[in-house]
Structure formats: C-alpha cells, structure tokens
Protein chains: 2
Amino acid sequence: MDSGTGRGSGRPARQADIAAAAGVSQTTVSLVLAGNRDGVRLSETTRQRVLKAAEKLGYVPDPVATRLASSRNHMLGVYTFASAFPTDVDGFYYPILVGVEEEAAALGQDLVLFTGTGGADARAHDRTAIRRTRVTDGCLFFGRHIPEEPIDWLLGSGFPLVYIGRRDELDGRIPFAGVDYVTASGAVVDRLIAQGHRSLRYLRENDDAPSSTDRETGVLDAVRRAGLPTAKVVVRREADDVGPDLVGGWRQAGVTALIVEETDTGSLAKALIAAIDAAGLSCPDDLSLAVLGRSPALPEASGFEVPRRELGRRAVRLLVDQITTAPGKRPTVQELLPCRPITGTTIGPVPG
Amino acid sequence: MDSGTGRGSGRPARQADIAAAAGVSQTTVSLVLAGNRDGVRLSETTRQRVLKAAEKLGYVPDPVATRLASSRNHMLGVYTFASAFPTDVDGFYYPILVGVEEEAAALGQDLVLFTGTGGADARAHDRTAIRRTRVTDGCLFFGRHIPEEPIDWLLGSGFPLVYIGRRDELDGRIPFAGVDYVTASGAVVDRLIAQGHRSLRYLRENDDAPSSTDRETGVLDAVRRAGLPTAKVVVRREADDVGPDLVGGWRQAGVTALIVEETDTGSLAKALIAAIDAAGLSCPDDLSLAVLGRSPALPEASGFEVPRRELGRRAVRLLVDQITTAPGKRPTVQELLPCRPITGTTIGPVPG
DNA sequence: CTGAAAGCGCTTACAG
DNA sequence: CTGAAAGCGCTTACAG
C-alpha cells in the first residue's frame, strides 16, 4: 500500500512516477536511467535526484516497452525444426542447449524457447510460426532440415539469426556455427587404414542433411587418399533394415572395418551395434568399428565426439556479434568447429 | 522488393499497411484480426478485404506490441533459484523442464528461460533480476531456497506465478505444484518395517528445504505408527562425512535398514551407496537400503520416483489457469503430486 | 543541461 | 458497422 516501498502498490513504478517524484520530465528520467549516452550531459544534482527516486520507488524498467521503443531486449530465441526436442531426455540436442544457456548467461541474454516447433511437419514452420521469433533480438535455429522460405524471409528483413549446423541453402547466405565432419570423419578412416584395413563399409542414413553428406565426403576423401576403390564403400540403409545377416554378408565379402554415422536419432548406430552383437561378433577382434559421433549405445566405440556444448556456445556468440553489428556491415559468418577424436576400444588391426 | 510477397521488403508488414491496402482504418484491421470479439460486428465484405490484404502482405502480429497494448503474449517464464540448471546435463531439473516444455507446447505458450539466475547467491535474485519475468504472462519459479522479498513483491503486484515444489513461506500465499514426499516416504518405511526391520537410520542433508523436511516427516510418522522409538533415527550429515566407518558403526549398533534422501545434488545418496560398497557390504543381504527419490548412482535401489516430468506439466497448467482467471478471483492453488513406488532390489528381510 | 513531442505496433474504450 | 483517439512504457531525435 505504501508505494514508497514498491510493495503491494498494485502497479509497478514507471518512469513517469519517478519523474513526478523527482520533479523532472520523463525524458530526463529515461536519460538518467539509460546511463551516459554520448552527447548527453545531465547535471549531477538531477542525476542523484532521479536515481534516489527510482530507488525509493523500486523501479525496474519494463522489458516489453523497452523492446518496443528501442530494438534490444537482451532476449535470444531458440527455434528448432527437429523433432524430439527437448522432450527426449537423452536427446541429441540437450548438450547444445546447455552450451547455449551457458553462453547466453555469460553474455547477459535471456532465452526464449519457441515451443511446438519440434514437429517434423514442415508445414507447421510457416511464416506465422517463425515470425514469433521477432520478439527476440535474434534467433538460433536448428534441425537437420530447413524450410527455406521463412528463413529467407527473416534474413531478408534483416533479422539476426544463426543456424546451428552447416547450411548451404539460400546461396550460402545463412550464417551458421557447424561441425567439421569432413575432417573428423576422414581422420577416423585414416586411422582404420593405418591399421591395415583395406575393405570397409560406411553405413549412413538415407537422408541428405549436411551433417550426413559431410561425413560421407570425409570418408570417401580418405578412401581416395589411400588409393582404395570407393565404389562399394557407402551403404544407405534404414535402421530397420540393419541386421546380423547384413553384417555377416559383409564379412563373407572380406570387409574388415565398419563405419557408421551417429545422428540426432541415433538409431542407425544403435542398430548396427546390436546387429554385430547378434551376429556373435565382437570388436575389434572380429571386426573394427568406428562411430562418427559418440553413440550412447556404445560410448567406448572409437570415432569422434561432436563438440555439441561448444557448438551451442559458439552459436550464441556469433548471434550476439550479429546483433551488435550494424545491419549494413554484417558479414555472413560461417564457422566449423573441430571434433575431439575418441581413441575408443573398437578399432584394431585386421584380424587373422 | 515486392512488398506483395512480404519478402525482401526490409520491414515486416504492420496493421497500418494492411489498412492502407484494404482502404479501412487500422482499428478495423485490429478488430478483424482479433477474431470475433463480442459486441463487435464487422461486415463480411470488410472482413474478407482485410483478411486478403493481410495474407498478401504476409502479416504476422508483432508480439511485443501486442504484449504492451494488451496483457497477454503467450509467453511463460522459467526462473530458477537453484544452481546447476540447466548446465548440469544429468541435472535433477531437466525432466521437470521437459514436462514444462511439453505442456507449454500443448497449451500454445512459448517459454522464456531467464538465465544467470542459477547462482546460489541470493543477492543476485533482487527485484531487478526478478522483474525481468514480467515480459511474460506469468512465471514458474524453482529451487530449494526462495528469496521471499521479490516473490512477495511479484505476488503483491498481481503477477501470476507458480512455484515448483511445496512452499510455506509468505503465510502460505505462494501457489505451487509440489510432491507428496510425506506419504511416499512413509510408505517406504512401512515396507521396511513390514520386512521386520526395527532399527533404522534416516540419512538426510543438513538443509531445511521443504522437500527434505517433508521426507523426514514421512519417515518419522511411519516409525511412530509402528510404535518404534524415533530418537536416533534421523541423522544429518554432509556427503563428505559419509564413509564406511559410519556404516560400519551403524551395523555394530544393530541397525538393519538405511534410508537416504536423494535431492537435487544427489551427493548424499551417492556417498552412502559408495560407503556401503567400501564397507564391503551388499544390499539387501547385509543391509536393506531405501532411497527417497531415484539415485542415478543406483537406479535399481528401492524407494520411489519423483514425478518430475508430471510436476513440470502440472505447474504449467496451474500457471495458465491463473493467467486466464481474473486477478480478483484467483484462489491460491497448492497441489501435491503422488510418487511412484519403486520396488527395487535393495530391500529385503532382516539378515541373520 | 533539460523538456515537449513523436513514435514503436498494437488494443480498447468511445463516438458516430 | 467503422473510425478517430488515447494509451501501454519506453527511446530518440529535435528544440530550446
């Protein structure tokens, strides 16, 4: 009831209240509270009077009004085109989100999670859904697939955004923080070849997201570097079609090393690991196995670790950079992060 | 460049643009777009004209302006007084967040994660930090400890909020969705006693959060119901002070059953489990063990499971209920959810 | 050094 | 059935 304490007064104090209390204009209050903007000089007496009144009234700026009037509200959006986020507890995306949260906190930004955006249904991601992101100063997007039209529209309107994951759509105009799957995958294959393997198979999903095609590129590059034939290396397969017979057939054909990609669903790597087991084989004694990305189904598998947390942090930093750069001179920043190799226990010399 | 497509036009369309295109006033546009508010009747011709223009311009309402002018923007806040959220990947709070996200999506609400609020430092949770929550229509709070003043202030200003976890501060005026630890803990002890145990110890943290005191209450109630002495049952201990000697001492004294609380840090249960192991004992052969809440260190332990995901969902529902109820007639809703018992493998008959 | 005024994009009485 | 006007709480030229 005592508005002097700011408690129970029913209505939070606004600048006009401070102005009345301090006997100055609301403009002056705004100026004082905004700190020292260049070119503006306030008498110390006024400053103190305003500050004291603000303190007494328990003033805190209204973030909504601030956002409407200026163009910053220190809120960053997070919008996903992937399913299973963040509902899936063991989800692929959670570590990324953790990184996003950490860096956002470090930079004094709050996060807006746009919900109901997890459906794989691209029709849900229309302009209406996506324009919600404009409450924020800028937005992070992710998911294996991207609806180009709404992103193009946001980009065209000068809204700062950063994609998490490499993207080459829209003539390379999409800023992103991604992962260098090409190099990491190539290094894994190099290692296999150094162990003497000459006949290998790369099992991948039948899905052309950049993270999949980049892994394939890395694998094939390495195979070529070794002077080996690439023809039969790549095998596209659904997780449901991966069984012991597939693995058995490969062995018959003299294959000694298997490589599999670990993506956001994780189902393919899991299926292969199960199939190897079901075929009564063990790694690396019977067969070497490499997983491109760490699989929860076999964490000790050899391969590499996707720097998901760092990816989140990096994306936030790039986004804030954009936000704080004048729209005219924003370069389209595209960055790839290196992966940490995992020695693991599933790669060994060629058996026999 | 063609503003008719809404692409590349530089500036998103607003109601004024639609008004100009349709040859009506901006008010009319607002009215049409708001749907049929009672008492307002628009001619079908006008409606169609406005709708078509809006479609053509790719209009999407600006949530910030909407929020400032009205009082809803379909954003819910999440603010935590606990540390390790959501940074800790195996965090206690993540399943709650998942529930929050699910229900928010179901109810068409976006989520604002207030960051930098995870510090245990209560001084950070001042009015300024907390008033940020007012960008949203209402806010969820959690954490074992609560700074009363800012919450009192928000409550007093009529801002809808729901605490996640039982709270009795502020004369019971804090709405919450909590967990019925009393009943769940009592049931666990009942089970121990039914197995013949007569001498038990309840190990708890030295921290008086409601979730801890409620567990203790449940334990002691059950002990009393069985007509056993309560004197030595409760033991307060830091995780660092729990070792094999403590467990050994209890056995010497004839204790046959141990109960430990699993809280957000999880350190105490983990320490006890390690201590039992280090003492060369196994459960339930040498000793029965119950964990009040599932411990990641021993998921198969007997006890109960805190319905964290459901807790999140429930809290969102209560919050939205509040938001959609006129400020005058909002009851202070306080709900407790039941826990799911875990049979587990660590409770057995009294040895020997 | 300070204030009056316009404006951010909406909603909501209030008039016609 | 529709429009002119005020207002939400700020920021930002623009005058003095």
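What you are looking at is a predicted structure, and each value in this text was computed from that prediction instead of being measured. Chain identifiers are assigned alphabetically (A, B, ...) following the order of the sequence lines, protein sequences preceding nucleic acid strands; residue numbering begins at 1 within each chain. Note: hydrogens, waters and symmetry copies are ignored here, and every other heavy atom, side chains too, is used.
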Table of protein N/O atoms under 3.5 Å from nucleotides 14-16 of chain D N/O atoms:
none

Enumerate the protein-to-nucleotides 3-6 of chain D contacts in which both atoms are nitrogen or oxygen and the separation is below 3.5 Å.
residue: D:dG3; atom: OP2; partner: B:Ser25; partner atom: N; Å: 3.1
residue: D:dG3; atom: OP2; partner: B:Ser25; partner atom: OG; Å: 3.3
residue: D:dG3; atom: OP2; partner: B:Thr28; partner atom: OG1; Å: 2.5
residue: D:dA4; atom: N7; partner: B:Thr27; partner atom: OG1; Å: 3.4
residue: D:dA4; atom: N6; partner: B:Thr27; partner atom: OG1; Å: 2.9
residue: D:dA5; atom: N6; partner: B:Thr27; partner atom: OG1; Å: 3.2

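Heavy-atom distances to DNA chain C give each of B:Gln15 and A:Glu44 a nearest nucleotide, and the one nearer the 5′ end belongs to A:Glu44.
Using modelled atom types, one finds no donor on one side chain facing an acceptor on the other under 3.5 Å when comparing B:Thr27 with B:Ser30.
Looking at the side chain of B:Ala69, the nearest of the listed nucleotides C:dG9, C:dG7, C:dT2 is C:dG9. Among the nucleotides C:dT2, C:dG9, D:dT2, the one closest to any side-chain atom of B:Ser43 is D:dT2. Closest to the side chain of A:Thr66, out of C:dC10, D:dT11, D:dT2, is D:dT11.
Every residue meeting the side-chain hydrogen bond (donor to acceptor under 3.5 Å, both in side chains) condition with B:Gln48, not counting sequence neighbours, appears here in chain and number order: B:Glu44. By the side-chain hydrogen bond (donor to acceptor under 3.5 Å, both in side chains) test, A:Arg330 is found to be paired with no residue, residues two or more places apart in sequence or in another chain being considered. Remark: B:Glu335 engages B:Arg314 in a salt bridge (charged side-chain N to carboxylate O under 4.0 Å, His left out) (not counting sequence neighbours). With sequence neighbours excluded, the residues satisfying side-chain contact (heavy atoms from CB on, under 4.5 Å) with A:Arg14 are A:Arg11, A:Asp17. Listed by chain and number, the residues in a salt bridge (charged side-chain N to carboxylate O under 4.0 Å, His left out) with A:Glu310 are A:Arg317 (sequence neighbours excluded). Applying the salt bridge (charged side-chain N to carboxylate O under 4.0 Å, His left out) criterion to A:Arg167, with sequence neighbours excluded, gives A:Glu169. Under the side-chain hydrogen bond (donor to acceptor under 3.5 Å, both in side chains) criterion, A:Thr133 pairs with no residue, sequence neighbours left out. Residues forming a ring-ring contact (aromatic ring centres under 6.0 Å, His included) with A:Phe176 (at least two apart in sequence, or on another chain): none. A:Asp168 pairs by the salt bridge (charged side-chain N to carboxylate O under 4.0 Å, His left out) definition with A:Arg166, not counting sequence neighbours.
Rounded to a whole Å, the CZ atom of B:Arg14 is 17 Å from the C1' atom of C:dT11. At whole-Å resolution of the value, CG in A:Asp62 and P in C:dG9 are 17 Å apart. Between the C1' atom of D:dT2 and the CG atom of B:Leu33 lies a distance of 15 Å, rounded to the nearest Å. Rounded to a whole Å, the CG atom of B:Leu68 is 12 Å from the P atom of C:dG9. Taking atom CZ on B:Arg134 and atom P on D:dC8, their separation rounds to 14 Å, with Å as the unit. One can place CD1 of A:Ile18 at 12 Å from C1' of D:dC10, the figure rounded to the nearest angstrom. Distance, B:Arg49 CZ to D:dC1 C1': 12 Å, rounded to whole Å.
Between B:Tyr94 and A:Tyr94, the ring center distance clears the sub-6.0 Å criterion. For B:Phe81 and B:Phe141, the distance between ring centers is under 6.0 angstrom.
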The dot-bracket string of DNA chain D, counting Watson-Crick and G-U wobble pairs with both distances under 3.5 Å, using [ ] for crossing pairs and | for pairs to another strand, is |||.||||||||.|||
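In this structure, A:Ser30 does not reach the D:dG9 phosphate: none of its side-chain N or O atoms is under 4.0 Å from OP1 or OP2.
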